[in-house]
Amino acid sequence: MTSATNETSTYDFKTIEATWLPKWDELEVFKPADDGTAERRYVLDMFPYPSGDLHMGHAEAFAMGDVVARYWKLKGFDVMHPIGWDSFGLPAENAAIKRDAHPAEWTYKNIDTQAASFKRYAISADWSRRLHTSDPEYYRWTQWLFARFYEKGLAYRKDHPVNWCPKDQTVLANEQVVNGACERCGTAVTKKSLNQWYFKITEYADRLLEDMEQLKGHWPERVLLMQKNWIGRSEGAEVEFAIEATENKPGKTIPVFTTRPDTLYGATFMVVAADAALADELVTDEHRQALSDYQEQVKALSEIERQSTEREKTGVFTGRYGINPLSGEKLPIWAADYVLADYGTGAIMAVPAHDQRDLDFARTFDLPVRVVVDTGEENPGESGVATSGEGTLVNSGELNGLNKAEAIAKAIEIIEAAGTGKHTVNFRLRDWLLSRQRFWGTPIPIIHCVDCGEVPVPDDQLPVRLPDNLRGEQLAPKGTSPLAAAEDWVNVPCPRCAKPAKRDTDTMDTFVDSSWYFLRFTSPNYTEGPFDPKAVRDWMPVGQYVGGVEHAILHLLYARFFTKVIHDLGLIDATEPFSALLNQGQVLNGGKAMSKSLGNGVDLGEQLDKFGVDAVRLTMVFASPPEDDVDWADVSPAGSQKFLARAWRIAQDVASAPGVDYSTGDKALRQVIHRTVNESAQLLDSGKFNVVIAKTMELVNATRKTIDSGAGAADPAVREAAGVTAQLLSLFAPYTAEDMWAQLGYEASVATSAWPEVDESLLVDDTITAVVQVKGKVRARFEVSVDISEEELRELALADANVVRLLDGKDPLKVIVRAPKLVNVVPAP
RNA sequence: GCCCAAGUGGCGGAAUUGGUAGACGCGCCGCACUCAAAAUGCGGUUUCGAAAGAAGUGUGGGUUCGAGUCCCACCUUGGGCACCA
């Protein structure tokens, strides 16, 4: 028994926290047995970035994950709930430049701070599995995986105009460009052509889409939808258009993608993306100057302007013509910015009658509009409104008279037979640009040799360690990766021919590190490979993944992609990493996300000092359903603290000894206990954690009543209630729960106790309140036996004084009886 | 513009999935204990009404004996995508 609790003490969270924190560490409560005697369950919180100490957002997210981990443990599963850090990344580099230090110093100092805070916050983590993506023992295997991707042809380099942030001197992925500005610093983004590493995620587009079927019902609907939109599958045809030769330019064919091959006869011109290489290739000398002027004009536009659909269509004629493969018609080819270089083939056939953008363009440049689908609407050439709906094909040769669907099929059949096109599927998803001209990331394990080209660093020479002699200003980006400055690091012999060669100086996007960490957690100290295959088989997939919705697309998509590639490499069985996903909401203050500029931040440490860990955690969970935002201004950690003290006093008051026979206890209280346990399990299984707390409060209220004005503190049911309360509370308020458990005379830890068995006989009542409605409004209620017959209940209802009064002597038109709960009387009109 | 969620007391939120709307908590009001206060315990608290009663889940319609829950239209808020061929 602990000295923290005795008869006369009052609830003091500081003493309780100080008592139990070291004990749990000692007991290693949350280390999984990993011996196969119990079903394994893997609970994972998205690992944190060590940006400083933990904040309110972490407090919420980890409180949610902990509920699941602790609940599953009570339910008897062998739970693995690991913790680690996503510790590569830009902030560490910026801090190092500012402080003339190495990024590792800042990073690992923050990790230590956060680790201490996590312990204080009583996360049920297995600390023996701790990992950091910036440790060479970790990134060795990130590099090893890169090498496997490279061998499979899934990692490749290409020259590509990339988004370039002039301030950060770095390339940005499309998704890091927010409204034309750099996600980090807000500087307007320009374009620059660079040789970049990519992962071929597009090769997995179909599978990423199809396998979402397995996730339905276990992932939030909106996340699946966002992924689906992001992948952006569209079905159509790729059609080859022959381009006429000119005096000094040969002919060629260019493919275009269309979702509407049925409208081929309506194509009256073609458009290529003005910023695509194709435009420069096609343009005739006569029009070259106009095109390059136009290209300058396009470059000068901000992304926001370019994105505006309100804008007038612009473009220039290239001087070239394509041949419509169906009609043989000669179509002028224009270059414009409304066609995107990186979607489809960067060129389109324009059907102004049935596509609004094409129509706007045609009207601006006075190009012909030909209706080929009669939809019964006004002629688009006159109305200015393109008709894109269903209709009957006209002016379309062999397609005439068909409907849209038939015409699409027929058109594909014709072009396939003629060898001028084929049915195809196009995706919005683009390959994953993974190289970064940054220091603090996983070095790309490639050596460039003049003779041998790209040579992967042999596996036995991994990891390619980051140099540790660069500091401060040396890390600042100067248009190339800072690693280029470390000459002794860069210059190495070629692993193949031993001639002088150079290391690739780019590092990997940190999303690469986080795309496989869940696998490493299964065997974090394994040295023969990225993970122990047996451990992965035992633990994967993650049974519950918890994190913010801000990762709905990128991180989750990349992690799914990695899992599929690693599966295809034959290294794991799983094809999906996370079988269930929970997106917790944000913590707001005053209706807005906490931010420095708004000055509405709430310091987690201060809250913990003031109210205690348990009260803060309880408040986070009780405030709303897990996926909803919590507005800290609307909730009451003081109220939570009050409730915890109230619950804690119940355990203090228990006057029976451990081991008493509960079955002799007060029946009314026992019914509340067993109903609470029963309902709580269902609520926890369906993620309604906030309601579980409400039910626990009701149990505490009922127990208080039993002690003060019922069977009294010595009744066995009171002990049973206190024990169950401690167990339920252990999910949300582990310190208080543990202290109650000890006060009750049980051995630590309540976290390893067994979920209480429900006595089914206590769930059923002898009587129930039946309600009588008249015209759907409740007019009477009375206690009836649960097995009352429909006939009896009907009679009772019709005899009720209030019902008689409302019927006013008339016979009811209809009486619906749902024994034993409800009668609805419909009076005659 | 397109797609998707969600709208319930002064506030955060419940509602067995078509069957007692407002559980639980915050706040507020009152009572007990106290010289007093704090703490604690108990009670009240959707609105109108003295009461009987009536109204009530964003708005308008519909289905049904019965709708917060299902259907249609609209409004508002939040999120995602956006010249995607």
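Computed over heavy atoms, backbone and side chain alike; hydrogens, waters and symmetry mates excluded. The structure displayed is predicted, hence computed values, not measured ones. Each chain gets a letter, A, B and so on, in the order the sequences are listed, and its residues count up from 1.
A distance of about 29 Å separates the C1' atoms of B:rC71 and B:rA23, rounded to the whole Å. Look at the P atom in both B:rC74 and B:rC81: the space between them is 25 Å, to the nearest Å. Here, B:rU16 and B:rU69 have their C1' atoms 13 Å apart, quoted to the whole Å. Taking atom P in both B:rG13 and B:rU8, the straight-line distance is 9 Å, to the nearest Å. Comparing the C1' positions of B:rG79 and B:rC65 gives an interatomic distance of 40 Å, to the nearest angstrom. Using C1' as the reference atom, B:rG19 and B:rU64 are 12 Å apart when rounded to the nearest Å. Across B:rA14 and B:rU20, the matching C1' atoms stand 14 Å from one another, rounded to whole Å. B:rG78 and B:rG58 have their C1' atoms separated by 15 Å, given to the nearest Å.
In this structure, A:Leu554 places its CG atom 13 Å from C1' of B:rC81, rounding to the nearest Å. Atom pair A:Lys313:NZ and B:rA85:P shows a separation of 14 Å (rounding to whole Å applied). In this structure, the CD atom of A:Gln356 is 13 Å from the P atom of B:rC2, given to the nearest Å. Put simply, CE on A:Met270 is 17 Å from P on B:rA85, counting in whole angstrom units. Residue A:Lys775 contributes atom NZ, which lies 14 Å from atom C1' of B:rG53 at whole-angstrom precision. If you take CD of A:Glu238 and P of B:rC84, they are 19 Å apart, rounded to a whole angstrom. In this structure, A:Ile768 places its CD1 atom 11 Å from P of B:rU20, rounding to the nearest Å. Between A:Lys228 atom NZ and B:rC84 atom C1' there is a gap of 15 Å when expressed in whole angstrom units.
A:Arg233 and A:Asp206 are joined by a salt bridge, as a carboxylate oxygen and a charged side-chain nitrogen come within less than 4.0 angstrom of each other. Ionic pairing of A:Asp355 and A:Arg260 is not present here: no N-O contact between side-chain nitrogen and carboxylate oxygen is shorter than 4.0 angstrom. A salt bridge links A:Arg704 with A:Asp708: the distance from a Lys NZ or Arg NE/NH1/NH2 to an Asp or Glu carboxylate oxygen falls below 4.0 Å.
Nucleotides of RNA chain B nearest to A:Asp708 and A:Ile553 differ in position, and the one nearer the 5' end is that of A:Asp708. Both A:Gly344 and A:Lys814 lie near RNA chain B, and the one whose nearest nucleotide falls closer to the 5' end is A:Lys814.
For A:Val339, counting side-chain heavy atoms from C-beta on, the closest listed nucleotide (B:rC26, B:rA85, B:rG56) is B:rA85. Taking the side chain of A:Arg428 as heavy atoms from C-beta on, and the options B:rC81, B:rC4, B:rC83, the nearest nucleotide is B:rC81. In the set B:rC83, B:rC24, B:rA54, B:rA54 carries the atom at the smallest distance from any side-chain atom of A:Arg779. With B:rA55, B:rC4, B:rG19 as the candidates, the nucleotide lying closest to the side chain of A:Leu822 is B:rG19. Listed candidates were B:rA85, B:rC83, B:rC65. Nearest to the side chain of A:Val826 is B:rC65. Closest to the side chain of A:Ser234, from the set B:rA23, B:rA85, B:rG66, is B:rA85.
Counting any heavy atom pair closer than 4.0 Å across all strands shown, A:Lys705 reaches sugar-phosphate atoms only and no base atom. Heavy atoms of A:Arg805 sit under 4.0 angstrom from primed sugar atoms or phosphate atoms, though from no base atom. Across all strands, A:Arg233 comes closer than 4.0 Å to no nucleic acid atom at all (heavy-atom distances). At a threshold of 4.0 angstrom between heavy atoms, the contacts of A:Asn701 are confined to the sugar-phosphate backbone, with no base atom among them. Among the protein residues, A:Glu698 comes within range of the sugar-phosphate backbone only, with heavy atoms under 4.0 Å from sugar or phosphate atoms but none that close to a base.
Listed pair A:Arg704 / B:rU40 fails the phosphate criterion, with no side-chain N or O lying under 4.0 Å from OP1 or OP2. Phosphate contact (OP1/OP2 of B:rC26, side-chain N/O of A:Lys642, threshold under 4.0 Å): present. Neither OP1 nor OP2 of B:rA85 sits under 4.0 Å from any side-chain N or O of A:Tyr338.
For A:Tyr343 and A:Asn426, the side-chain atoms include at least one donor-acceptor pair closer than 3.5 Å. Side-chain contact of A:Ser388 with A:Gln356: a donor-acceptor pair under 3.5 Å is absent, judged by distance alone. No side-chain donor-acceptor contact under 3.5 Å links A:Glu550 and A:His555.
Aromatic ring pairs are classed by plane angle as parallel below 30°, tilted from 30° to 60° and perpendicular above 60°; the pair A:Phe361 and A:Trp334 is perpendicular.
Glycosidic conformation of B:rU59 is anti; the angle lies outside 90° of 0. B:rG43 takes the anti form, because its glycosidic angle lies more than 90° either side of 0.
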Can A:Gln227 and A:Trp219 be said to form a side chain to side chain donor-acceptor pair (under 3.5 Å), step by step? CA-CA 11 Å; A:Gln227 294 222 349; A:Trp219 278 38; over 6 Å; no

Pair A:Asp614, A:Thr736 - check side chain to side chain donor-acceptor pair (under 3.5 Å), show working. CA-CA 7 Å; A:Asp614 283 355; A:Thr736 307; 2.6 Å; yes

Test log, rule side-chain contact (heavy atoms from CB on, under 4.5 Å), inputs A:Asp358 and A:Tyr338: CA-CA 9 Å; A:Asp358 295 345; A:Tyr338 84 94; 2.7 Å; yes

Intermediate values then yes/no, side-chain contact (heavy atoms from CB on, under 4.5 Å), A:Arg781 and A:Val772: CA-CA 6 Å; A:Arg781 56 190 74 191; A:Val772 184; over 6 Å; no

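Taking only distance into account, the side chain of A:Asn824 meets the base of B:rC65 through a donor-acceptor pair shorter than 3.5 Å.
Under the Watson-Crick and G-U wobble criteria, each requiring two contacts below 3.5 Å, nucleotide B:rG41 is paired to B:rC31. When both distances must be under 3.5 Å, the Watson-Crick or G-U wobble mate of B:rG53 is B:rC48. The partner of B:rG22 is absent, by the rule that a Watson-Crick or G-U pair needs both atom distances under 3.5 Å. Across all strands shown, B:rA67 remains unpaired; no Watson-Crick or G-U wobble contact has both distances below 3.5 Å. Base-pair partner of B:rC74: B:rG58 (Watson-Crick or G-U wobble, both distances under 3.5 Å).
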Within the 4.0 Å limit for protein heavy atoms, which parts of nucleotides 5-17 of chain B are touched? Write it as a string from 5' to 3', B for base, S for sugar-phosphate only, - for none. ------SBSSSBB

